[in-house]
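Take a look at the structure set out below.
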Amino acid sequence: MASPIQQNLEKKNAEYSADFSKGDLPLPPGKHYLVVTCMDARIDPCAAFGIDLGDAHVIRNAGGCVRDALRSVVISQQLLGTREILVVKHTDCGMLTFTNDDIRAKVKENLGAAAAVELATLDYLPFPDVEQAVRDDLSFLKEHTAATRGDTVVSGWVYDVKTGKVKSVA
Ligand SMILES: [Zn+2]
């Protein structure tokens, strides 16, 4: 028996695919850029950032952390021809609400000592200041020259989950 979430996927996808007409898009992003943003459920990157199907790579993770996205960034830049990177973090991010010690304690509480040991060295990359975290990510990209193509245009933004507006911060 499919879960309600699975049923939703099947139902909505049937509607979506019924009049789908963009099956001929090329593999590389048509506008040659990539976006690194947070997995936060309140962000709709395509709608909020003006991304049409086939335009760009959108890499999402907790916090929109470039370090965490590095594998995908290299693939996007080196194999799939992207030339510009937008790093978009956001207000009220969950990453502002905990430290590595906090989440490690939670893992131990929820799952026990063995799980805590298993995950002991994982850096969850939390940050206390969102604008500074954007700047730090841009610095990370500049320092890791192998991650980009050298001439890649990089910029940093903060999306406001209350207003839906983005502002440039770096
Ligand atoms: Zn977030």
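All of these numbers come straight from a predicted model, not from anything done at the bench. One-based numbering, in listed order, for ligands and for the atoms of each.
- Using a 4.5 Å heavy-atom cutoff, the side chains of Arg60 and Ile43 are in contact.
- Placement of Val88 and Ile59 in two distinct hydrophobic clusters is found when ILVMFWY residues are connected by side-chain heavy-atom separations under 4.5 Å, directly or transitively.
- Partner of Arg67 under the side chain to side chain contact (heavy atoms under 4.5 Å, CB included) criterion, chosen from Val73, Asp123, Asn61: Asp123.
- For Asp102 and Thr99, the side-chain atoms include at least one donor-acceptor pair closer than 3.5 Å.
- When hydrophobic clusters are built by joining Ile, Leu, Val, Met, Phe, Trp and Tyr residues whose side-chain heavy atoms come closer than 4.5 Å, directly or via intermediates, Leu96 is grouped together with Val169.
- Within 6.0 Å of CD1 in Ile5 there are 12 or fewer heavy atoms belonging to other residues, nucleotides or ligands.
- Distances under 2.8 Å from the Zn ion (ligand 1) pick out the protein N/O/S atoms Cys38 SG, His90 NE2, Cys93 SG.
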